[in-house]
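Since the structure comes first, as structure tokens, the remarks are kept for the end.
So you know, we letter chains A, B, ... as the sequences are listed, proteins then strands, and number each from 1.
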Protein chains: 2
Amino acid sequence: MPDTVKILQDYGVSPTPQRIAVAEAVLHAKAHPSADDIWGIVRRQWPTLSRTTVYNTLNLLVGKGVLKPQIIKEGKIVYDPSAEKHHHFVDEKTGEICDIPWEAIRVTGEDALEDFEVLEYQVILRGNRRRR
Amino acid sequence: MPDTVKILQDYGVSPTPQRIAVAEAVLHAKAHPSADDIWGIVRRQWPTLSRTTVYNTLNLLVGKGVLKPQIIKEGKIVYDPSAEKHHHFVDEKTGEICDIPWEAIRVTGEDALEDFEVLEYQVILRGNRRRR
DNA sequence: GTTCGTGCAAACGGTTTGCAACAAT
DNA sequence: ATTGTTGCAAACCGTTTGCACGAAC
């Protein structure tokens, strides 16, 4: 088990007790914890630690590259006609979403996953849209 | 241009004037409109139509399979250590998120997209987790 | 004594819900 | 009369922000 303090220092984050507690919780979590999940975990040992500090720390860790935020669950929703399948490209600068034709991307291996019955999938690509 | 009324009826949605307006807006939108985007569009021609009705209608259309909700932009966030890349599987029943090893899924074609410089991508799979 | 970190409380923004008025059948 | 639809206002929930207190160099 790697030293959490070392990790924080390596990424340029001053290892305060609160940050160590939050980092331990998120790095050792088995599932994909939300901010409030982490608050719940940390508070068991540290009841005074505030929700704000959890958010502060998570945003700091994301900014420093320790963590990667995943937008997977419910949240801000956009709508697509369900007519034809397609993938999505998200412009990192503007947030603009573009459709990518289904045939442009080939995905293989999804039917060989033993533990998962895959009913659907999509690829989300991120980067810079080229304009000319 | 297909008849919006026909589409609604085909999916078992009573075509009220408000629903027709919302469906027109979302089905003819070029980009990926949010609920409020659609409200803005519809209100130009129908200033009395309420935000609630837009949400009611969109949820109805999603439930009937006319629209597909996309969770791509900011929303509820979960966190991953940024150590190793992986894809994600979301259980449709429970919402549980599982990591899929990067090598288990192969994606090809993303580097041939002329209009997009792809910096990163991930596959989001949805279905039923097998338990035994 | 200034900088950095913490945390309360309030705000924010997208979405949902309770409920009352209103068609429509 | 019952059922389905609309829409206001309020609640909700995850997240962010303003600000004041406190710790550390």
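- Considering all non-hydrogen atoms of both residues, A25(B) and I38(B) come closest at CB-CG2, 4.0 Å.
- Of the residues D10(B), D3(B), T4(B), the one that meets the side-chain hydrogen bond (donor to acceptor under 3.5 Å, both in side chains) test with K6(B) is D10(B).
- Between L61(B) atom CG and dT5(D) atom P the separation is 12 Å, expressed in whole Å.
- Closest non-hydrogen pair, P17(B) versus W46(B), comes out as CB-CH2, 3.2 Å.
- Shortest non-hydrogen contact noted between H88(A) and I100(A) is C-CG1, 4.2 Å.
- Distances shorter than 4.0 Å separate none of the side-chain N or O atoms of Y55(B) from OP1 or OP2 on dT16(C).
- Distance, D36(A) CG to dC12(D) P: 16 Å, rounded to whole Å.
- H32(B) and D37(B) form no side-chain donor-acceptor contact under 3.5 Å, judged by distance and modelled atom types alone.
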What protein N or O atoms touch nucleotides 6-9 of chain D N or O atoms at under 3.5 angstrom, if any, and at what distances?
from   : atom 1 : to     : atom 2 : distance (Å)
dT6(D) : OP1    : T16(B) : OG1    : 2.5
dT6(D) : OP1    : Q18(B) : OE1    : 3.2
dT6(D) : O3'    : Q18(B) : NE2    : 3.2
dG7(D) : OP2    : S50(B) : N      : 3.4
dG7(D) : OP2    : T53(B) : OG1    : 2.8
dC8(D) : N4     : T52(B) : OG1    : 3.3

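- The nearest pair of heavy atoms linking V42(B) to A21(B) is CG2-O, 3.7 Å.
- Applying the ring-ring contact (aromatic ring centres under 6.0 Å, His included) test to F116(B) and every residue at least two apart in sequence or in another chain returns F89(A).
- Distance I20(A) CD1 to dT6(C) C1': 15 Å, rounded to the nearest Å.
- The interatomic distance linking L60(A) (CG) with dG5(C) (P) rounds to 8 Å, in whole Å.
- Pairing each heavy atom of A35(A) with each of V54(A), the nearest pair is O-CG1, 3.6 Å.
- Computed from coordinates, the L58(A) CG to dG14(D) P distance equals 14 Å when rounded to whole Å.
- The CG-P distance, from N59(B) to dG14(C), rounds to 16 Å in whole Å.
- In secondary-structure terms, DNA chain C builds stems of at least 3 consecutive Watson-Crick or G-U pairs, each pair having both distances under 3.5 Å, at C:1-25 with D:1-25.
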